[in-house]
Number of protein chains: 4
Amino acid sequence: MANSKFEYVRDFEMPDPLLSNTWIVVRVDGRAFTKMCAKYNFEKPNDRRALDLMNTAAKAVVTDMPEITIAYGVSDEFSFVFHKSCVLFERRESKLVSTVVSTFTSNYVYSWSAHFPDSPLSFPLPTFDGRAVCYPSVQNLRDYLSWRQVDCHINNLYNTTFWSLVQLGGLDNKEAEKTLAGTVAADKNEILFSRFAINYNNEPEIFKKGSVIFRDYELVDPDSHNVASTIDSQAMPVTQSKTQKENDKKRRAKARILVEHMDIIKDDFWDRRPWILSNKPGKIPKET
Amino acid sequence: MANSKFEYVRDFEMPDPLLSNTWIVVRVDGRAFTKMCAKYNFEKPNDRRALDLMNTAAKAVVTDMPEITIAYGVSDEFSFVFHKSCVLFERRESKLVSTVVSTFTSNYVYSWSAHFPDSPLSFPLPTFDGRAVCYPSVQNLRDYLSWRQVDCHINNLYNTTFWSLVQLGGLDNKEAEKTLAGTVAADKNEILFSRFAINYNNEPEIFKKGSVIFRDYELVDPDSHNVASTIDSQAMPVTQSKTQKENDKKRRAKARILVEHMDIIKDDFWDRRPWILSNKPGKIPKET
Amino acid sequence: MANSKFEYVRDFEMPDPLLSNTWIVVRVDGRAFTKMCAKYNFEKPNDRRALDLMNTAAKAVVTDMPEITIAYGVSDEFSFVFHKSCVLFERRESKLVSTVVSTFTSNYVYSWSAHFPDSPLSFPLPTFDGRAVCYPSVQNLRDYLSWRQVDCHINNLYNTTFWSLVQLGGLDNKEAEKTLAGTVAADKNEILFSRFAINYNNEPEIFKKGSVIFRDYELVDPDSHNVASTIDSQAMPVTQSKTQKENDKKRRAKARILVEHMDIIKDDFWDRRPWILSNKPGKIPKET
Amino acid sequence: MANSKFEYVRDFEMPDPLLSNTWIVVRVDGRAFTKMCAKYNFEKPNDRRALDLMNTAAKAVVTDMPEITIAYGVSDEFSFVFHKSCVLFERRESKLVSTVVSTFTSNYVYSWSAHFPDSPLSFPLPTFDGRAVCYPSVQNLRDYLSWRQVDCHINNLYNTTFWSLVQLGGLDNKEAEKTLAGTVAADKNEILFSRFAINYNNEPEIFKKGSVIFRDYELVDPDSHNVASTIDSQAMPVTQSKTQKENDKKRRAKARILVEHMDIIKDDFWDRRPWILSNKPGKIPKET
């Protein structure tokens, strides 16, 4: 039986390519995570198990999709950056977004029990939504990631102070909120230190900085090059021989995938890891 | 600390609303399911456990998103239909697609062990991609669903005959392929019957028709109305009072969600279930 | 010399098809027409020469693009409706919008001197912008056109009263504005009648109703059919033989293009001219 | 009378912003210009009057829209480049495309008689379509313009040789086509020189190079800076004081708009005119 009578319905599918030569960020966000936190008794202000689970899922996404050059996560969100030369799925937006979201969700649910052995999942299950945004220049991309990391810092300082006031200071939520209204960063640091003897600088890096995921190659002398402007001026992916491509692929597959908690706002992070922006795998570090 | 310096990056987010007053179909497709089939020894031509798992996941999606009026699945794909009056997430494409894909994936992974108790999941985990397509008229929507159901039939007849030739007839894959080259439906029916005494009509409905998921209300006398043209001419969602909305919501929540394997190409299915196109919940059937 | 080195730049062109089986409205708007009015001394509240010029340009667009089934204009705007089955330029948005805008502009400038023999054009020249909007159902389309015609009425009643107060009543603009603040239609009718002995109903139809442009065939008995629901349920363009297509084309080319000033909100207009929604040319009326 | 009942139709308008921080090229193309050429007896292979008219229209567009930093034209097409920092019309695609197309068309029709005093326009009038493409980096943009200029060269060399064979060599079109089949640039130069004593290098620059339109400021020493990488790394428009903005606006308005016929593929053009990429007006040259 021919299906031709109905096949015209394919004409309604709309093309959705993302603009060439731009950095694609797919951000995944937890849906209704406030309820999730309550239901599974996530610790306040940060639940280390929940963050580790997010990182496990994100690492699986980066492993499965070598086109992702860096990922950054905080709280219940994770941003995955596809290199601007990426042509995966012909850069179709729906394909990219749905694949990232599905891989993330799949791993999150699968790895739940390893991180929450005493709290089995129940309905409704955890889910995530996602969206893609394109950034034309390295500076735009870095500003995006800086935006997320600054947000991490702002929220964490607030939450750390808020929950100290509640958990250690005996205030109720409204009182704590009122106490913090109008305060700047220095005030919050002061409250933490003077009232609770907490030095915010000594808080765990994962809470203060969020999590950065990338492939591990040998660090590079930051003085030796200027990646950003070279990258921006690269109009199109450099044509590579088949052998080169295979080599790159192998090296990428061999590279360890790191989950770090460090500053990605300053230049140093980027200067020492030129492969993140260049998409050319570096040297595999020797085992030590 | 203010984050304003970096917040300009939000300007790069592009709006992606889907056209108002059109039926939104989100189709979810298994990624690399050929490998999945091999890895977990799915039975050929149909693995009942795998189909049941798909249906379990799809039913969870329909349960969680009452804006879905009907869903149809076959093999490793499932189509979810949002009523044309739906304004969920302001009809933003990424939100709709990613939420459906994530909810589907989440439930698929979670329910795996119940359907495959002897085959625990391993990496890479099952994932799905998804996309949205808009259909302006009832006929377009029904033609879309007919297209999928005809496809189900064509593929199942082919696969049933192919695997009979291989599993019962002792042919290898190439020989079976060659045998079937150029045959029409009648030929395949004949091969099944004459060589293997299989009457295709007696094959399980779930294999022949796929799976339809919808809310269960009392069936309606098909002569009493003409849904399609009424629905098409409805320019906008009928304004409802708060009470009406609450009533509809309650009835929808109360309705059982059915998973059926039946013809959705002919009018009868639609005529007897006007609520699928009208989005007005029917009467809850009495328990028997 | 090969141009291949640079041809990659074509990859940046994004597809922009408009959704199939929807009515495409391209609306053209005068840019900076307030200045235009002042510069060329358009009469207030309506300049008949300016409206006639708009109609001349719009008629040329309808003549050149037989895919346009109806057009409606008021003030310095004109809406052109492409039938939902239209596949001109593969429904590419930029092509459709720019072609309509260019044809309109071209004719407007060309025909200026015929309508304003005493006011030659000078820089900056008149220009128009444009945009496309898709409407899925006949009711949506008719509501769009009704919206424009109601707008015409509201504005014209206001402007007629306002300029009567100024030109006949000796008020300055601010006083006239103040007089009209908070008035409803009945109040304005009353002001016109009691103060200036103007019966608004006797104002020229072109001012009250705007201008409708369509092809002229024999009117039809409105009781004999129900176009809208038939049209909506038409999933795809009816397949026509080459001969039929040629016949339709000829009849369309033969039909006079009318510029009328009449109600298009009520059913009567549409019921008597089924060809506007069906896109099937009617009978050419006999010359009288 | 309220118009609220119909105003819902505005919900069908889709947003169409172009990606921030990218160069917007709007290309305008003549519609059915082959017929135009025949109808008005354009000279072959190039009609100087027609090219001058194109340039007149394009110059008017650049004058009216100071956000355009450079324009390039050849044959019946013209490309207008909006600086990547441009926020005109909130970067809405339809607005930008339709305004450029309308302004171009308006001026083309208006200025026709000045360039073709002996060939008055007749129906159908000349029209143009248009489309927008975004380019993320300076290199992409320059490659786009190089693509058009190389195309100009390739076509002009072909056409010059073809029409020499026909007009001077007495061949008919088919014979000329056959003669040129498979020839490379050197062959065509040779044919021109040996058969017709034409040195292609001596052909008018406007034919060989097309037309470049930009604002005229004092040329700059090309060694003193590196515009492209600076521009690319500029994430967002530099914030300017009101005074600075006003100054820039005045200088832009004061600058002469040049129509030149020169190489824009090599660096020199760009290095000596940094304002084209930087969007910072240079010094107004002293009158000589």
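The sequence lines fix the lettering, A, B, ..., with proteins before strands; numbering per chain opens at 1.
- Annotation: A:E90, atom CD; neighbour count of heavy atoms from other residues, nucleotides and ligands within 6.0 Å does not exceed 12.
- A:T105 and B:T105 share no donor-acceptor pair across their side chains, judged by distance under 3.5 Å alone.
- Residue contact with chain B, scored on non-hydrogen atoms closer than 4.5 Å, involves the backbone and the side chain of A:N107 alike.
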Worked check of side-chain contact (heavy atoms from CB on, under 4.5 Å) between A:K5 and B:W147: CA-CA 8 Å; A:K5 183 183 162 194; B:W147 176 52; over 6 Å; no
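- Atom CZ of B:F128 and atom OG1 of A:T103 lie 11.0 Å apart (nearest 0.5 Å).
- The two residues A:N140 and B:V9 have their closest heavy-atom pair at O-CG1, 3.9 Å.
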Check against side-chain contact (heavy atoms from CB on, under 4.5 Å), A:R31 and B:T99: CA-CA 8 Å; A:R31 297 184 61 235; B:T99 299; 3.1 Å; yes
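- When atom types are taken as modelled, the side chain of A:S98 and the backbone of B:D129 share no donor-acceptor pair closer than 3.5 angstrom.
- Chain A forms more heavy-atom pairs under 4.5 Å with one residue of B:P126, B:G130, B:A132 than with any other, namely B:G130.
- We find the OG-CG distance between A:S102 and B:L125 to be 9.5 Å, quoted to the nearest 0.5 Å.
- In terms of non-hydrogen atom pairs under 4.5 Å with chain B, the most contact-rich of A:V25, A:L121, A:V100 is A:L121.
- B:D64 contributes atom CG, which lies 7.5 Å from atom OG1 of A:T127 (distance to the nearest 0.5 angstrom).
- Looking at A:R142, there are no atoms closer than 4.5 Å to chain B (heavy atoms on both sides), in backbone or side chain.
- Of the listed residues A:F89, A:Y144, A:W112, the one with more heavy-atom pairs under 4.5 angstrom with chain B than any other is A:Y144.
- Heavy atoms closer than 4.5 Å to chain A are found in both the backbone and the side chain of B:D151.
- A donor-acceptor pair is defined here as one N or O able to donate and one able to accept, closer than 3.5 Å; no such pair exists between the side chain of B:R131 and the backbone of A:E93.
- Nearest heavy-atom pair across B:I265 and A:F6 is CG2-CZ, 4.3 Å.
- Of the listed residues (A:A186, A:S106, A:S146, A:C134), the greatest number of heavy-atom pairs within a distance under 4.5 Å of chain B belongs to A:S106.
- Listed for the A:Y8 side chain is no donor-acceptor partner under 3.5 Å among the backbone atoms of B:D143.
- Taking CG of B:D29 as the start and NZ of A:K95 as the end, the distance is 7.0 Å to the nearest 0.5 Å.
- When heavy atoms are compared at a cutoff of 4.5 Å, B:F104 does not approach chain A at all.
- Close placement of the A:Y110 and B:F123 rings is indicated, their centers lying within 6.0 Å of each other.
- Contact annotation for A:Y108: neither backbone nor side-chain heavy atoms come within less than 4.5 Å of a heavy atom of chain B.
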